[in-house]
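This report concerns only the one structure given below.
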Amino acid sequence: MAIQKKHGKGRLDKWYRLAKEKGYRARAAFKLIQLNQKYGFLEKSRVCIDLCAAPGSWCQVAAEYMPAQSLIIGVDLSPIKPIPRAITFQSDITTEKCRATIKSHIKHWKADIVLHDGAPNVGAAWVQDAFSQAELVLESLRLATDFLAEGGSFVTKVFRSKDYNPLLWVFKQLFTSVEATKPPSSRNVSAEIFVVCRGYKAPKRIDPKFLDPKHVFAELSAPTPNYEAKVFNPEKKKRKREGYEEGDYTQFKELPVTEFINTTDPISILGGYNKLSFQQPPGGDLAMSTLERLEDTTEEIRTCCEDLKVLGKKEFRNLLRWRIKVREKFGLVVKKKTQEGDAEEVAEVAPMDEELAIQEDLMRMREQETAKGKKQRRKENEKKRKEIVRLQMNMTTPMEIGMEQLGMGGDDTTFSLKRVDREGARDKVINARDLPAESESEDDSESEDEESDDEADRLERELDTLYEKYQERKEDKDSKLRAKKNRKEYEKDEWDGFSDENKGSDEEEEEEQEDEEMVDSNTVPRPGNLSNNASLFFDQDIFQGLGVEEDDEEEEEEQEEGKEEEDQGDNIFEMDEDSDVEEKAPASKQKNKKDAKKNAKKDSEWEDESDEGEPVDLGDPKKANGQLDIDIITAEAMALAQSMATGEKKSTDIIDDGFNRFSFRDVDGLPEWFIDDEGKHSKMVRPTTKAAAAAIREKMRAINARPIKKVMEAKGRKKYKAAQRLEKLRKKSALLADDEALSERDKAGAIAKIMSKAGKKRPKQEVKLVVAKGANRGISGRPKGVKGKYKIVDARMKKDIRAEKRLAKKKK
Ligand SMILES: C[S@@+](CC[C@H](N)C(=O)[O-])C[C@H]1O[C@@H](n2cnc3c(N)ncnc32)[C@H](O)[C@@H]1O
């Protein structure tokens, strides 16, 4: 266990460390700093009396925050080491002597502020002490009324007890504003609060009853609580989860460790006490000495008992386990589990041990839950981080985004049910599963493999569902496609007997869909018994073109039947620019134009084969916005497109052109190198025009002007790093801003410093050249004695450079 304490009360917490760092004599300094931050009374004061001031940290703070030349008087029962700018003396604040000494120091002045942080030492007579604290407050108030100037402030510590309200009532009679507050540096477990009374009314005469403890705390004459009974019989003690127990004015609670062993409610002891003591009571205790001698009572257990408030989970469990062991040894467990019993006969242990088991179970469940939550959060954060990085690096393409959304992103295969839900498909997916939906969350112990299999299955289903939806949407949008599908189904039925037996139905479907998307033509059905060459022959676009014409004829009929609307939906081959014209053009003209475009497209596909696979679209070379169509990437295609656009060539010409000796090659039995060679060199040379060449040049220039991917990535990286730096700064300044130990000025200064540091450009590190010789030759790590960036160079290179320099000098 990390020892993190001084003793029970004064643990080495952050305020303790901070006080040490800043040179304050006690962590209490921060209470005054924080009170002053809230109310700002010190800066306005010139004379301060600090009652119960030892060791003197409040005097230190007063000296720091009050204006120069202020008078600070500190008094305590204990001696106070000298403090610069403060007068201190040793005295009991309840005595006349103390009043006289203050008077001698303050002379004719009046105090602007009286501070009181008095607390009697908590000893055996703790009830009396608590009473004395309230009395001490009243005594300090009496002194305050003697020395405070009108409008002055009185700041006092008060313990929450039944005396608290009477005290507040008295304060309110003497001050215009009375506020109770608990500064952050005051421990939550401590019953202390601070009351800041401002605007002293300075009445000419104060009713002595206001300052008479007998009168103010009149109801306290009730019998003193029985301390013995309370502490040593914890079972009988009522636990109060909220607030403080009646008469419990101190927060440090100690209990003999034997009580912890004996109790049936160990949890409430661990939660309610500060320390379990191994101290032998006067006269000795047999149980305690036996306990001390047990080997289970290790040093670690003793350390845990020292401070119950700092127990970690492990220590907590250790203590409970130790208690059970000791109880067993002491014979406190009534029955143990029967050896041969099938766990039916459960041990009958003390009833609170059941509670302990339940508590442990609860703890375990909570741990599991938090671990699960953490894992989930980590996963999500990681995913988000990656997405951001990819976006910032411009590495995300629309395709990748789609894949990520489907959970197929290269680096994250998590399937997001949420997303599916958004699509309304979650239910479908869940219904499709054998397992009920709840089992997903319940089954925590699944192996990762099972999980990933499940993920893959779900992913498959999700993809199917999404694909169905996509199809539905597409069909809705494109009624013509629907008509075509129906027709195809009809035709498919008719041609079923000829389908290629080697193909699975899925493959066929896929191909059909591909055809629909790519060519949108109803190809001539090919009987399955044709030879390879024959089928390749019929595969030629020229035959497909026939199909198109057929199809278009049908379309024309449809149009004539008033289905123009449907046709407008078919924009697969329409050019943006033409759309307006087409709307106005007569149907036959439209048809011609469409034919030409479709054929041009087919031609381009054909050319695709003969032109080393470059995708070429022979549409209008210009887009609607006047820019060149970037998809046309060869001068030949451009020339063809231009000639079509100017009406120089008709679709029929292009079809004729397409039917030539290069359009089909029988490659069966030919060596691969030959086919490659043919593909490269034996192709039709199409005439190009100057304009087409210029257009392509312009297009290439436009492409080259675009920043390359690496540049984009570098820019993205730079942005990302800047964002990271900014985030770091933001966090740092937020931390500073939250630091209650710093004044606003300090905070602003520190933040400004960080900002200016961040703004400065770091000087580029010089690269040291290390000659590879002797020990450095062939070394793989950093050469000895070299700091910072370095580069291993060849001795030859160095000599050559020197020689070059010499020559250059000579020439001069
Ligand atoms: C919590 S400490 C004060 C810490 C102080 N504010 C500081 O910042 O260093 C409480 C002090 O009250 C003092 N005290 C208790 N009864 C007193 C009394 N009757 N007269 C003077 N001082 C008293 C104790 O000696 C103790 O030093």
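These values consider heavy atoms only, across backbone and side chains, with no hydrogens, waters or symmetry-generated copies. As the structure lists them, so they are numbered: ligands from 1, and atoms in each ligand from 1. Since we're looking at a predicted model, the values are computed, not measured.
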Before signing off on this row, confirm whether Thr94 and ligand 1 have an N or O atom pair separated by under 3.5 Å.
no
Compute the shortest N/O to N/O distance between Leu77 and ligand 1 and return yes if it is under 3.5 Å, no if not.
yes
Counting each atom of ligand 1 from 1 as listed, which ones have a heavy atom of Asp92 under 4.0 Å away?
18 (C), 19 (N), 20 (N)
Between the side chains of Thr94 and Glu139, does any donor sit under 3.5 Å from an acceptor?
no
Under 4.0 Å from one or more heavy atoms of Gly118, ligand 1 contributes atoms 12 (O)
Which pairs count as ring-ring contact (aromatic ring centres under 6.0 Å, His included) when at least one residue sits in residues 82-104, sequence neighbours excluded?
Phe89-His105
Numbered atoms and elements of ligand 1 in range of Ser78, under 4.0 angstrom, heavy atoms:
25 (O)
Would you check the N or O atoms of Leu136, main chain and side chain alike, for any that come under 3.5 Å of an N or O of ligand 1?
no
Measure from NZ or CZ of Arg198 to the centre of the six-membered ring of Phe175, then state whether that distance is under 6.0 Å and the direction lies within 45° of the axis.
no
Can you confirm whether Lys201 is buried at NZ, in the sense that more than 12 heavy atoms of other residues, nucleotides or ligands lie under 6.0 Å from that atom?
yes
Can Gln133 and Asp163 be counted as having a side-chain donor-acceptor contact under 3.5 angstrom?
no
Consider only side-chain N and O atoms of Tyr16 and Glu21, and report whether a donor and an acceptor are under 3.5 Å apart.
no
In this structure, is the centre-to-centre distance between the rings of Trp169 and Phe210 below 6.0 Å?
yes
Ligand 1 atoms in contact with Ser91 (distance to a heavy atom under 4.0 Å)
20 (N), 21 (C)
Close-contact set for ligand 1 against Ala53 heavy atoms, below 4.0 Å
5 (C), 7 (C), 9 (O)
On a heavy-atom basis, I'd like to know which of Asp76, Asp117, Thr95, Leu115 is closest to atom 13 (C) of ligand 1.
Asp76
Using distance alone, decide if ligand 1 has a nitrogen or oxygen within less than 3.5 Å of any nitrogen or oxygen in Ala26.
no
Is there at least one pair of N or O atoms, one from Ala28 and one from ligand 1, spaced under 3.5 Å apart?
no
Option set Ala54, Pro79, Cys59, criterion heavy-atom distance to atom 2 (S) of ligand 1, minimum
Ala54
Report yes or no: does Ala29 have a heavy atom closer than 4.0 Å to ligand 1?
no
Quick one: do Arg327 and Ile261 satisfy side chain to side chain contact (heavy atoms under 4.5 Å, CB included)? Show the steps, please.
CA-CA 6 Å; Arg327 275 173 74 85; Ile261 304 294; 3.9 Å; yes
Say whether, by atom type as modelled, one donor and one acceptor occur between the side chain of Gln34 and the main chain of Ser185 under 3.5 angstrom.
yes
Could you tell me, atom by atom, which parts of ligand 1 come under 4.0 Å of a heavy atom of Lys157?
1 (C)
